[in-house]
Amino acid sequence: MNTPGRKRPEKIYVELTFDEALALTGVRYPANQQIGTSARQKIRAACEKTFDLSPENKVDYELLT
């Protein structure tokens, strides 16, 4: 994920719902498993705006959408 010649930002900003934030801490939502997936996708999208992430770096939850 290191890109030559490009400084890594100290912070990125992502808007998450309360449930999405809790899902990232490990709270499980058996009735709606998409909550954690949605949160991870939002974070990935925010990183993609900053870095050029190649398609081979995709993770399994992104293949389900």
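Worth saying up front: this structure is predicted, and the values here are computed from it rather than measured.
Here the shortest heavy-atom pairing between Ala23 and Gly36 reads CB-CA, 3.7 Å.
Side chain of Glu48 to main chain of Ala45: no donor-acceptor pair is present (N/O by atom type, distance under 3.5 Å, no hydrogens or angles). Using modelled atom types, no side-chain atom of Ser38 and backbone atom of Ile35 make a donor-acceptor pair closer than 3.5 Å.
To the nearest 0.5 Å, atom CZ of residue Arg44 and atom NZ of residue Lys49 are 14.0 Å apart.
Under the side-chain contact (heavy atoms from CB on, under 4.5 Å) criterion, Val14 pairs with Ile12, Leu16, Lys42, Ile43, Ala46, sequence neighbours left out.
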